[in-house]
Asker: 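Got a structure for you, written out below as structure tokens; questions coming shortly.
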Amino acid sequence: MAKSDVKLLGAWPSPFVMRPRIALNIKSVEYEFLEETLGSKSQLLLESNPVHKKIPVLIHGGKPICESLVIVEYIDEVWSPGPAILPSDPYDRALARFWAAYLDEKWFPTMRNIAAAKDEEARKALIDQVGEGLVLLEDAFSKCSKGKGFFGGDQIGYLDIAFGSFLGWLRAIEKMNGVKLMDETRTPGLLKWANSFSSHPAVKDVFPETEKLVEFAKVLAKLKATPPK
Ligand SMILES: N[C@@H](CCC(=O)N[C@@H](CS)C(=O)NCC(=O)O)C(=O)O
């Protein structure tokens with residue numbers, strides 16, 4: 001497959017964009033990364049994802065595929081055989097999809113809201129909710145990993161990608177709020193997993209630095225505070 005046949009529309013700070021990047025790395029697929037500019041949407045993005053107008057979009061042989069987890073599943077099916085991303089067992093697959101949906105629908109939106117909390121009490125309540133979510137995920141980790149290093153077992157799988165893509169922002173939010181959300185007492189398994197995940201060969205080159213994300217968050221906050229002209 002020529003590199004030009006696989007294009008990914010994205011942006012470096014986006015956790016959702018990290019997902020297909022990791023999946024493509026796992027499958028050793030070369031691709032062209034087309035970086036969107038903050039605050040504007042390219043014509044290609046608007047044409048490729050007219051429903052949500054969001055990144056990531058994978059364009060494979062001219063055909064667009066949208067939604068990060070749909071893209072990860074597509075990559076797993078198309079570049080097969082190769083290291084499997086989704087679990088082969090139907091129950092394990094269902095569990096991985098269940099927790100990925102929890103992360104996207106509940107856990108991450110709560111964490112994202114911390115920055116916009118209206119006062120200190122609201123901020124603290126959101127931080128507590130994120131911590132409670134991590135305790136649930138610690139339990140999910142011990143069930144899914146079956147004593148191995150990743151949710152997917154010996155190798156990074158679907159749920160590792162779904163959750164691991166949020167780790168950069170989790171670390172940035174810890175730093176910006178002066179808190180530790182993952183720790184040895186409440187989430188020992190996740191703490192170890194987070195280090196293995198972020199240093200994995202398929203991940204480390206696309207894993208954003210905490211400091212860069214903190215700076216980016218400040219730029220975003222400024223943009224939000226500026227009234228439209
Ligand atoms: N559910 C989508 C979420 C994608 C998403 O929220 N992308 C953000 C970047 S992190 C985006 O494109 N935002 C632009 C906008 O909302 O207009 C997915 O999993 O792909």
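For the single chain, residues carry numbers from 1 onward in sequence order. Order of appearance sets the numbers: ligands from 1, and atoms from 1 within every ligand.
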Asker: Look only at the side chain of Glu73 and the backbone of Leu86, and say whether a donor-acceptor pair between them is shorter than 3.5 Å.
Answerer: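 Pair absent, no side-chain N/O of Glu73 close to backbone of Leu86.
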Asker: With ring centroids as reference points, do Phe163 and Trp193 lie under 6.0 angstrom apart?
Answerer: yes
Asker: Is there a side-chain contact between Asp92 and Lys146 (heavy atoms, below 4.5 Å)?
Answerer: yes
Asker: Any donor-acceptor pair under 3.5 Å linking the side chain of Asp160 with the backbone of Phe150?
Answerer: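 No.
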Asker: Where does ligand 1 get N/O contacts under 3.5 Å from the protein, atom by atom?
Answerer:
| from | atom 1 | to | atom 2 | distance (Å) |
| --- | --- | --- | --- | --- |
| ligand 1 | 1 (N) | Glu67 | OE1 | 2.8 |
| ligand 1 | 1 (N) | Glu67 | OE2 | 3.4 |
| ligand 1 | 7 (N) | Ile55 | O | 2.8 |
| ligand 1 | 12 (O) | Ile55 | N | 3.0 |
| ligand 1 | 17 (O) | Lys41 | NZ | 2.5 |
| ligand 1 | 19 (O) | Ser68 | N | 3.4 |
| ligand 1 | 19 (O) | Ser68 | OG | 2.6 |
| ligand 1 | 20 (O) | Ser68 | N | 2.9 |

Asker: Applying side chain to side chain contact (heavy atoms under 4.5 Å, CB included), run through Glu35 and Trp12 and close with a yes or a no.
Answerer: CA-CA 8 Å; Glu35 184 106 20; Trp12 71 267; 3.4 Å; yes
Asker: Assert yes or no for the condition that the ring centre distance of Phe166 to Phe16 is strictly below 6.0 Å.
Answerer: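 Between Phe166 and Phe16, the centre distance is under 6.0 Å.
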